[in-house]
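Everything on this sheet refers to the single structure shown next.
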Amino acid sequence: MDRENKVSITVIRRLPKYYRYLGDLLRKGINRISSQELSKMTGFTASQIRQDLNNFGGFGQQGYGYNVEELYKQLGKILGLDRGYNTVIAGAGNLGQAVANYKGFQDAGFKILALFDKNPKLIGLKIRDIEIKDVDELEDFIKKNNVEIGIITTPKESAQDVADIYMRSGIKGIWNFAPADLRVDEDLIIENVHLNESLFTLSYFLNNKSDYIED
Ligand code: NAI
């Protein structure tokens, strides 16, 4: 895809929100929605929504709006949620266990095959029905089980070591919760979840209520 046809990262980051709202509408039995109504729900302007969706071919019809089921299905495809992913978690402490315990990721197609840790006290335990294995087995396990996504919930000091294992094993994407800037090959995709940064942003807004502009 050449540069002009590429979709901006800001648009891509809005897609999961559209997808979530459309899912809620579907569950409520609502079949049709206008960009104005979507705007009220999402907080994005109607023209922004139309522009965002036009990036992918535009699914609306003038005077009709959007067919909720169709748009939900198409956005799911665009987000790659129309297929499953095998995942593993490195670091089976508080956060790793919480992620493994949340069934919603599996329901969305992200199957957690195993957790890995270096603490012998944790190895062999199960979170729901997912086993905690020795991190020494991680590389082999990934190669044998067609694992595409590696989750990192180790302390930041171990995060690069885990990322190196993921790289060596052919993982395609890393979902990183450790507060570390990881160095990986260019073709490996990293999505960082920095909970602290989000909390500190909240703190900023609490202290500077009107000191910002929406973009
Ligand atoms: P934790 O100490 O409960 O768990 C970390 C686990 O990683 C331990 O079980 C440890 O044995 C394991 N570990 C250490 N080195 C390893 C290695 N090389 N390979 C495999 N396993 C290894 O820590 P917690 O609270 O779960 O946090 C995990 C990460 O998430 C940290 O980087 C933390 O900064 C970050 N984080 C956690 C939050 C939370 O709510 N718990 C919030 C924000 C960030």
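For ligands, and for the atoms within them, numbers begin at 1 and follow the listed sequence. Computed over heavy atoms, backbone and side chain alike; hydrogens, waters and symmetry mates excluded.
- For E148, the side-chain hydrogen bond (donor to acceptor under 3.5 Å, both in side chains) test picks out R83, K172, with sequence neighbours left out.
- Using a cut-off of 4.0 Å between Lys/Arg side-chain N and Asp/Glu carboxylate O, D140 and K143 are scored as not salt-bridged.
- Under a 4.0 Å N-O distance rule, the pair R32/E69 does not qualify as a salt bridge.
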Could you list, one pair per line, each nitrogen or oxygen of ligand 1 together with any protein nitrogen or oxygen closer than 3.5 Å, giving atom names and the distance rounded to 0.1 Å?
residue: ligand 1; atom: 3 (O); partner: N94; partner atom: N; Å: 3.0
residue: ligand 1; atom: 3 (O); partner: N94; partner atom: ND2; Å: 3.1
residue: ligand 1; atom: 9 (O); partner: D117; partner atom: OD1; Å: 3.4
residue: ligand 1; atom: 9 (O); partner: D117; partner atom: OD2; Å: 2.7
residue: ligand 1; atom: 11 (O); partner: D117; partner atom: OD1; Å: 2.6
residue: ligand 1; atom: 15 (N); partner: S158; partner atom: OG; Å: 2.9
residue: ligand 1; atom: 26 (O); partner: N94; partner atom: N; Å: 3.1
residue: ligand 1; atom: 26 (O); partner: L95; partner atom: N; Å: 2.7
residue: ligand 1; atom: 32 (O); partner: T154; partner atom: O; Å: 2.7

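- A ring pair (Phe, Tyr, Trp, His ring centres under 6.0 Å) check over residues 126-158, counting only residues at least two apart or in different chains, returns the pairs F116-F141.
- A distance-only check finds a donor-acceptor pair linking the side chain of T153 to the backbone of A90 [under 3.5 Å].
- A search for side-chain hydrogen bond (donor to acceptor under 3.5 Å, both in side chains) contacts involving K28 returns nothing, not counting sequence neighbours.
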